[in-house]
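The structure's right below; bear with me while I get my questions together.
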Number of protein chains: 2
Amino acid sequence: MNKQEYMLHALELAKKAAENDEVPVGAIVVNPSSGEIVSEAYNVSAHGSDATAHAEILAIQKACTELGTTRLWDMDMYVTLEPCTMCAAAISFARISHLYFGATDEKGGAVVSGVKFYEAATCHHRPVVEGGICAEQCGEILKNFFAAKRK
Amino acid sequence: MNKQEYMLHALELAKKAAENDEVPVGAIVVNPSSGEIVSEAYNVSAHGSDATAHAEILAIQKACTELGTTRLWDMDMYVTLEPCTMCAAAISFARISHLYFGATDEKGGAVVSGVKFYEAATCHHRPVVEGGICAEQCGEILKNFFAAKRK
């Protein structure tokens with residue numbers, strides 16, 4: 001699978017979040033050597049879980065369990081939305097190799113927006129970042145979700 | 001219990017982390033109305049868990065489960081070390097009312113150090129912050145831990 005195909009897979013997960021009335025964000029952890037999707041998750045932070053249950057945190061937790069490790073060296077993450085401050089730092093702690101994201105999040109993001117955590121002196125592992133993958137589709141599902149909320 | 005007593009309770013948890021060869025940080029969530037300790041946790045991120053298993057994240061997750069909510073309005077957190085970027089943001093998302101911390105963490109902190117998340121435009125809930133509570137004792141256990149590591 002190529003980058004776009006991985007992101008579209010993460011987008012399918014985001015759709016599941018929307019079906020559960022959760023902010024539609026999906027994330028997967030991929031082993032780029034084998035092409036295998038190691039873990040997948042979507043946001044469940046509004047219902048039934050806790051404030052930390054963003055897609056990226058859950059995907060990291062699942063991948064760590066799956067691989068029996070606390071460090072995801074050489075693993076990549078695909079997430080439909082620019083990670084927030086909490087998740088950007090978690091991705092750094094988990095030693096994710098490459099971070100691919102879809103839509104930019106000016107209000108809450110922390111990679112190219114906000115605190116730009118990977119540029120901070122207190123960031124001790126910086127993933128290689130590529131944003132804007134399937135950005136339009138990843139942003140559209142969020143726009144539709146919030147537009148429906150406002151009705 | 002007063003602030004110092006709550007912090008010393010969190011410090012006891014940090015000692016448990018040290019006994020498990022984990023960076024000694026402890027955290028509790030307190031209901032200030034009743035004085036009840038709602039949840040307690042210590043860092044387990046190096047062993048047996050995942051990169052996100054910092055004391056604060058675990059204490060938030062446990063408190064959310066305990067109270068059956070995703071938002072800890074009117075709850076306070078006591079943590080022995082200045083929260084990192086991930087945890088500072090998680091504390092904001094969880095809507096913690098007051099954050100009391102012990103030692104300052106210039107290398108990894110994100111409250112009075114580093115990205116100072118609560119001052120960022122992308123931070124949408126700011127807890128009332130008081131640092132330096134039992135700072136010497138909270139810092140000492142960390143210094144001793146890392147000094148022993150270097151031997």
Side-chain angles (χ1 to χ4, degrees), chain A residues 22 29 39 43-54 56-73 75 82-96 105-125, chain B residues 22 29 39 43-54 56-73 75 82-96 105-125:
Chain A
E22 294 275 359
V29 172
S39 70
N43 186 35
V44 293
S45 59
H47 304 290
S49 190
D50 66 80
T52 71
H54 286 192
E56 301 96 309
I57 298 280
L58 298 175
I60 288 170
Q61 290 174 341
K62 285 181 187 177
C64 287
T65 301
E66 178 67 24
L67 301 174
T69 178
T70 61
R71 297 287 181 261
L72 302 172
W73 295 112
M75 298 292 140
E82 179 187 356
C84 74
T85 307
M86 174 179 74
C87 292
I91 288 162
S92 168
F93 293 157
R95 307 294 193 272
I96 290 282
D105 182 7
E106 282 176 23
K107 282 187 190 165
V111 177
V112 296
S113 310
V115 301
K116 296 182 182 172
F117 180 58
Y118 302 138
E119 295 176 19
T122 48
C123 175
H124 308 298
H125 167 83
Chain B
E22 294 275 359
V29 172
S39 70
N43 184 35
V44 293
S45 59
H47 305 291
S49 189
D50 66 81
T52 71
H54 286 193
E56 300 96 309
I57 298 280
L58 298 175
I60 288 170
Q61 290 175 341
K62 284 180 186 177
C64 287
T65 301
E66 179 66 25
L67 301 175
T69 177
T70 61
R71 296 286 181 261
L72 301 172
W73 295 111
M75 297 292 139
E82 179 188 354
C84 74
T85 307
M86 174 179 72
C87 293
I91 288 162
S92 168
F93 293 157
R95 307 295 193 273
I96 289 281
D105 182 6
E106 284 178 20
K107 282 187 188 165
V111 178
V112 296
S113 310
V115 301
K116 297 179 181 173
F117 180 58
Y118 303 138
E119 297 177 17
T122 48
C123 175
H124 307 299
H125 168 83

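These values consider heavy atoms only, across backbone and side chains, with no hydrogens, waters or symmetry-generated copies. Below, read A as the first sequence line, B as the second, and so on, with proteins coming before strands; counting in each chain starts at 1. Everything quoted here is computed from the prediction, not taken from an experiment.
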Checklist entry - Between A:His124 (side chain) and B:Lys107 (backbone), is there a donor-acceptor pair under 3.5 Å? => result yes

Checklist entry - Side chain, backbone, both or neither: which part of B:Ser113 has a non-hydrogen atom closer than 4.5 Å to chain A? => result neither

Checklist entry - What is the distance from atom CG of B:Leu67 to atom CG of A:Asp50, rounded to the nearest 0.5 Å? => result 12.0 Å

Checklist outcome for this item: What one should report as the nearest heavy-atom pair of B:Cys84 and A:Phe93 is SG-CE1, 3.5 Å

Next on the checklist: Between A:Thr65 and chain B, with a heavy-atom cut-off of 4.5 Å, which part of the residue counts as in contact: side chain, backbone, both or neither?
Outcome noted: neither

Checklist entry - Looking at CE of A:Met86 and CD1 of B:Ile57, how far apart are the two atoms once the value is rounded to the nearest 0.5 Å? => result 6.0 Å

Checklist outcome for this item: When every non-hydrogen atom of B:Val115 is compared with those of A:Thr122, the smallest separation belongs to N-OG1, 4.2 Å

Checklist outcome for this item: All heavy atoms of B:Thr85 vs all of A:Ala89, minimum pair found to be CB-CB, 3.8 Å

Next on the checklist: So for B:Cys87, is it side chain, backbone, both, or neither that comes closer than 4.5 Å to the heavy atoms of chain A?
Outcome noted: neither

Item to check | chain A contact via B:Glu119 - side chain, backbone, both or neither, heavy atoms under 4.5 Å | outcome: neither

Checklist entry - Which pair of non-hydrogen atoms, one from B:Cys64 and one from A:Ala51, has the smallest distance, and what is that distance? => result SG-N, 4.1 Å

